[in-house]
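Remember, it's a predicted structure, so these values are computed and weren't measured experimentally.
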Amino acid sequence: MHTQNVFEEYLDAQPLFNKNRRGVLRPEYIPSTLPHREAEVKQLASIMITALRGNRPSNILIFGKTGTGKTATVRYIEKEMADMKQRVKEGKNASHVKDLSPVDHIYINCEIVDTPYGILQNIGNRFIRVFQERIPFTGWPLEKVHEEMRKNLDAQPRVLVVVLDEIDKLFYKSGDDVLYNLLNLNDTLVNAQVSIIGISNDLKFTEFLDPRVKSRLGEEKLIFPPYNAQQLGDILRERADLAFREGTIDEEVISLCAAIGAKEHGDARRAIDLLRVAGEIAERRKAEAVMERDVYRAKNQIELDCIREVVRTLPEHSKVVLLGIYFSAKEGRDDLTTGEVYDMYQQLCKQVGTSPLTQRRITDLISELDMLGIIHARVISKGKYGRTREIALSVPPREVWNALGEDHAFQDISPPRMRIQSTISKF
DNA sequence: TGTCCACTGGAAGGGAGGGCTT
DNA sequence: AAGCCCTCCCTTCCAGTGGACA
């Protein structure tokens, strides 16, 4: 009897995924058709056709919740435009058009690039010529970056479509000056023309825009409704057919993923993630097919991974704040005030050996934790005893500790003592 | 009905850190 | 080296406030 190689048992098991097709279930994959987005694709195409004819298409704002196919639709249109140009070039198109204008796209995710400098620098560097120096990522005055970008862009005739994904983030962070500048760019361009596609899941943000920016940015508006369970099912089925080997996934599993996705405001990304992770879990347990229980496990795993990742990458002081909230959650407290949290935070800082930030700053960190969904924090009034936030952990304490525990600084920390509250001390 | 607490959250600005320019 | 610029993180200052209590 010979010893077994560690990989042997896995090699024998039949994989569930088709070879090299796992990517079909990744968020960045652009499918060849977009089920239940035909109307939106058509509408977008009817606007963008102007670009292929060499004119500036209207600026567009696209709204819709996460996972409603906004980004996918825009990227799909980009792909189709590139494809159309290729066809015309090769003379394979059905129409009698002989030549199409050069159209460029630049995609910027404003969650990552959220400063005026960053936006201008990104666009500027998209069109650098050979031997030309790139715009550095910091150091230049804004005005110079703007001028350099304008020059690069205008070097030859073209239509540039700037896609600003999560455009609301850019606005909330840096105001609407950049948008204003981009919208007015056309006035100073001789050869090139620019139009903007803004993508956002926040319908409200336009209310706060400068009226001039608002009207020019929203020349056309598209709203993407959430998918329902049946539509999600269609999307998943199409992807599953590509990604999985035949007979390894059945209708129930797909329906379940679709149902869960539909519950989460029709989020296709979630549903697709779910399917992929369920497949990976099933494969790991060397199953012949993906089962419903794999989906439930996947759901659980995705949620935990998400919490863990968020907590792990928190800045140090946010971690200390969270640690305090964690300790009191273990004591069953779910009604902490800002003052109490700050008190614990100060004590913990002493233990960790770092100097505490001001309470004003901590209120901001608390808001951030709230937005990340790790804690709940709502403003309440305790009447005579003041106005404050009521703070509670909104994820399982154990998971918080698992993630925080990875940090060496927190390994042997003892729970802080709770301040005696004035509301209690009156007895 | 007014008081008053424990904050909230906006505004302004300082300073460090990245890097460019002269 | 000195002087800029932009961004990030933080502090300081402070007007504003919901509602229990006297």
Side-chain angles (χ1 to χ4, degrees), chain A residues 108-125 128 132-152 164 166 169-182 204-205 207-210 313-322 324-325 328 333-346 348-349 352-372 375-392 418-427:
Chain A
I108 299 176
N109 187 332
C110 302
E111 183 150 41
I112 299 160
V113 182
D114 59 1
T115 62
Y117 193 104
I119 300 285
L120 299 179
Q121 184 233 9
N122 258 272
I123 300 173
N125 279 341
I128 46 174
Q132 192 193 355
E133 275 182 71
R134 297 176 70 84
I135 302 172
F137 81 95
T138 173
W140 283 10
L142 259 185
E143 212 171 311
K144 184 172 172 186
V145 180
H146 185 273
E147 184 48 31
E148 188 75 2
M149 180 272 286
R150 201 193 62 75
K151 263 198 300 196
N152 291 355
L164 297 175
E166 317 225 27
K169 302 264 164 58
L170 173 65
F171 168 68
Y172 288 128
K173 185 92 195 310
S174 308
D176 49 15
D177 283 2
V178 222
L179 296 174
Y180 184 80
N181 284 334
L182 288 180
K204 270 193 321 211
F205 95 98
E207 288 173 28
F208 310 112
L209 288 172
D210 180 305
T313 54
L314 243 29
E316 192 198 6
H317 286 276
S318 298
K319 281 186 182 172
V320 179
V321 171
L322 184 58
I325 300 171
S328 22
R333 288 289 307 276
D334 59 356
D335 57 348
L336 298 160
T337 65
T338 302
E340 288 172 318
V341 170
Y342 186 64
D343 234 51
M344 292 188 295
Y345 161 78
Q346 281 181 305
L348 289 168
C349 275
V352 177
T354 176
S355 47
L357 305 175
T358 57
Q359 180 158 338
R360 178 67 188 85
R361 180 70 189 133
I362 297 308
T363 58
D364 281 344
L365 296 187
I366 290 171
S367 300
E368 277 169 33
L369 290 173
D370 183 27
M371 280 198 301
L372 289 168
I375 63 171
H376 279 303
R378 68 191 176 98
V379 178
I380 55 156
S381 174
K382 291 175 177 263
K384 190 167 187 268
Y385 303 104
R387 225 157 78 95
T388 182
R389 274 196 184 99
E390 195 176 69
I391 299 160
M418 198 71 106
R419 170 179 68 166
I420 301 181
Q421 252 186 298
S422 56
T423 34
I424 296 165
S425 66
K426 67 185 163 149
F427 297 111

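Counting only heavy atoms from C-beta on, A/K384 has its side chain closest to C/dA20 among B/dG19, C/dA20, B/dG9. Nearest nucleotide to the A/R360 side chain, out of C/dC10, B/dA11, B/dT8: B/dA11. Listed nucleotides: B/dG19, C/dC10, B/dT21. Nearest to the side chain of A/P136: B/dG19. Nearest nucleotide to the side chain of A/F137, out of C/dC5, C/dT12, B/dG19: B/dG19. You'll find that the side chain of A/W140 is closest to B/dT21, out of B/dT21, B/dG9, C/dC10. Distances from the side chain of A/T138 to the nucleotides B/dT21, B/dG19, C/dT11 place B/dG19 closest.
Residue A/Q359 contributes atom CD, which lies 13 Å from atom C1' of C/dT11 at whole-angstrom precision. Atoms CG (A/L142) and P (C/dC6) sit 5 Å apart, rounded to a whole Å. The CD-C1' distance, from A/E368 to B/dG9, rounds to 14 Å in whole Å. Taking atom CD on A/Q121 and atom P on C/dT7, their separation rounds to 11 Å, with Å as the unit. Rounded to whole Å, atom P of B/dG9 lies 15 Å from atom CZ of A/R361. Taking atom CD of A/E390 as the reference point, atom P of B/dT8 lies 12 Å away to the nearest angstrom. B/dT8 atom P lies 13 Å from atom OH of A/Y342, rounded to whole Å. If you measure from atom CG of A/D114 to atom C1' of C/dC6, you get 13 Å, rounded to the nearest angstrom.
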What nitrogen or oxygen pairs link the protein and nucleotides 1-3 of chain C at under 3.5 Å?
none

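Under 4.0 angstrom from either OP1 or OP2 of C/dC21 there lies no side-chain N or O belonging to A/K382. An OP1 or OP2 oxygen of C/dC4 is reached within less than 4.0 angstrom by no side-chain nitrogen or oxygen of A/K144. Note on A/T358: every side-chain N or O is 4.0 Å or more away from OP1 and OP2 of C/dT12. Under 4.0 angstrom from either OP1 or OP2 of B/dT8 there lies at least one side-chain N or O belonging to A/T338.
Judged by distance alone, the side chain of A/E148 and the main-chain N or O of A/V145 form no donor-acceptor pair under 3.5 Å. A donor-acceptor pair under 3.5 Å is formed between the side chain of A/D176 and the backbone N or O of A/D210.
For A/R387 and C/dG19, a side-chain-to-base donor-acceptor distance below 3.5 Å is absent, hydrogens and geometry of angles not being considered. Checked by distance alone, A/R389 brings no side-chain donor or acceptor within 3.5 Å of a matching partner on the base of B/dG9.
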| Given A/K319 and A/E316, is the salt bridge (charged side-chain N to carboxylate O under 4.0 Å, His left out) satisfied, shown in steps? | CA-CA 5 Å; A/K319 281 186 182 172; A/E316 192 198 6; over 6 Å; no
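Side-chain atoms of A/R389 and A/S367 include a donor-acceptor pair closer than 3.5 Å.
Across all strands shown, A/P116 has heavy atoms under 4.0 Å from sugar-phosphate atoms exclusively, and none from any base.
The residues A/E147 and A/K144 are annotated as not salt-bridged, no charged nitrogen and carboxylate oxygen being separated by less than 4.0 angstrom.
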